[in-house]
Amino acid sequence: SKCMITFQFIATFATLVPFVDCSSALQERDDLSEVERELCSASAEFEDFVLQFMDRCFALIESSTLEQTREETETEKMTHLESLVELGLSSTFSTILTQCSKEIFKAALDKVFNFAITNIFETRVSGRMVADMCRAAVKCHPGEALKLFVPHCCSVIAQLTVNDDVLKEEELDKELLW
């Protein structure tokens with residue numbers, strides 16, 4: 001599919017090019033060649049590229065909820081195509097984060113964190129994709145990412161389980177599952 005080819009292309013590109021904004025070198029150095037100056041100037045766009053890539057991933061995730069991808073009579077497992085898209089998204093996002101400077105990583109981490117906490121996802125399709133993105137951030141820089149995710153998750157779980165009625169529920173709250 002076009003989606004998989006695009007993921008593969010971006011992952012290959014990301015493997016070869018570190019996402020570091022070198023534009024400050026234009027003011028700091030006067031011995032750069034014209035090509036080096038153009039490269040440094042163009043590197044200022046890397047953060048925008050990463051954040052736009054994430055926006056497109058979020059749009060893909062929002063269109064991939066279990067309810068939107070199949071009827072209720074079908075299985076609740078991911079289809080083969082959904083599994084491939086999940087793998088492509090996960091590996092590409094992980095590759096991008098690995099190649100990011102600390103500043104660009106921080107912007108990406110904040111964006112994925114805000115996306116994850118401001119939405120409630122079902123856990124079979126879209127939720128797995130968001131979890132993969134969160135996992136990629138945690139694997140890349142565990143200290144920074146866990147400082148955001150763990151306190152939030154603990155707070156939400158404590159808030160949703162403060163009442164003992166949750167222990168008797170046959171079907172758990174979607175927010176608690178997420």
Side-chain angles (χ1 to χ4, degrees), residues 1-29 32-33 35-65 78-119 121-154 156 178:
S1 79
K2 288 193 298 184
C3 188
M4 291 307 297
I5 292 168
T6 303
F7 280 140
Q8 190 173 26
F9 173 77
I10 292 171
T12 301
F13 174 76
T15 303
L16 300 173
V17 179
F19 291 101
V20 178
D21 182 354
C22 299
S23 61
S24 63
L26 296 171
Q27 285 78 38
E28 297 168 5
R29 305 210 29 189
L32 298 175
S33 70
V35 171
E36 290 170 329
R37 291 161 50 99
E38 286 180 36
L39 279 172
C40 287
S41 181
S43 71
E45 304 293 321
F46 281 148
E47 183 173 334
D48 288 340
F49 170 80
V50 171
L51 299 180
Q52 286 178 20
F53 172 77
M54 292 177 70
D55 285 337
R56 300 213 176 162
C57 290
F58 296 160
L60 176 66
I61 289 167
E62 287 171 339
S63 69
S64 297
T65 64
M78 291 180 108
T79 65
H80 180 66
L81 180 60
E82 288 166 342
S83 295
L84 286 176
V85 169
E86 179 191 23
L87 177 63
L89 184 146
S90 174
S91 63
T92 303
F93 188 62
S94 181
T95 301
I96 287 172
L97 290 182
T98 302
Q99 292 291 92
C100 284
S101 66
K102 284 278 196 185
E103 296 79 17
I104 295 174
F105 172 81
K106 180 70 172 118
L109 174 62
D110 290 343
K111 190 172 189 83
V112 76
F113 176 73
N114 288 327
F115 182 70
I117 68 166
T118 57
N119 295 286
F121 297 98
E122 48 77 26
T123 58
R124 306 264 192 227
V125 180
S126 61
R128 284 179 54 156
M129 291 179 185
V130 177
D132 287 337
M133 292 180 80
C134 295
R135 185 179 309 110
V138 169
K139 280 185 175 181
C140 191
H141 291 288
E144 286 182 61
L146 290 173
K147 279 183 200 175
L148 284 177
F149 289 110
V150 172
H152 173 75
C153 291
C154 290
V156 170
W178 168 237

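Numbers here simply count residues along the sequence, with the first being 1.
Between Glu47 and Ala107 the shortest heavy-atom distance is OE2-CB, 3.4 Å. Contact record, Phe149 with Leu109: CE1-CD1, 3.9 Å, taken as the closest heavy-atom pair. Listed here is the closest heavy atom pair of Phe105 and Ala137: CZ-O, 3.5 Å. The two residues Leu89 and Met129 have their closest heavy-atom pair at CD2-O, 4.1 Å. Closest heavy-atom contact between Gly127 and Phe121: CA-CB, 3.6 Å.
The side-chain heavy atoms of Phe93 and Asp132, taken from C-beta on, include no pair separated by under 4.5 Å. Val130 has its side chain within reach of Cys134: a pair of non-hydrogen atoms, C-beta onward, lies under 4.5 Å apart.
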For this session: Step by step, work out the side-chain contact (heavy atoms from CB on, under 4.5 Å) result for Ser64 and Val85.
Result: CA-CA 10 Å; Ser64 297; Val85 169; 5.6 Å; no
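To the nearest 0.5 Å, atom CD of residue Glu82 and atom CG of residue Leu84 are 10.5 Å apart. Expressed to the nearest 0.5 Å, how far CD1 of Ile104 lies from NZ of Lys106 amounts to 14.0 Å.
Note on ring orientation: taking the six-membered ring where Trp is involved, the planes of Phe58 and Phe115 are parallel (angle under 30°, cut-offs 30° and 60°).
Using a distance-only test at 3.5 Å, with no hydrogens or angles considered, a donor-acceptor pair links the side chain of Glu122 to the main chain of Val125. Counting only distance, with no hydrogens or angles, the side chain of Ser41 and the backbone of Glu38 share no donor-acceptor pair below 3.5 Å.
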Donor-acceptor pairs are to be reported for all side-chain atoms of residues 48-57 against protein atoms at under 3.5 Å, with residues two or more places apart or in another chain.
unit_1, atom_1, unit_2, atom_2, d
Asp55, OD1, Lys111, NZ, 2.9

Indicate every side-chain donor-acceptor pair of residues 11-28 with a distance under 3.5 Å to a residue at least two apart or in another chain.
unit_1, atom_1, unit_2, atom_2, d
Thr12, OG1, Gln8, O, 2.9
Thr15, OG1, Ala11, O, 2.7
Asp21, OD1, Ser23, N, 2.9
Asp21, OD1, Ser23, OG, 2.6

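Residue pairs meeting the side chain to side chain donor-acceptor pair (under 3.5 Å) criterion with at least one partner in residues 84-105, sequence neighbours excluded, are Glu86-Arg128, Ser101-Glu103, Lys102-His141, Lys102-Glu144.
Residue Val138 is tested with Leu97, Leu148, Leu146 for a side-chain contact (heavy atoms from CB on, under 4.5 Å); the sole match is Leu146.
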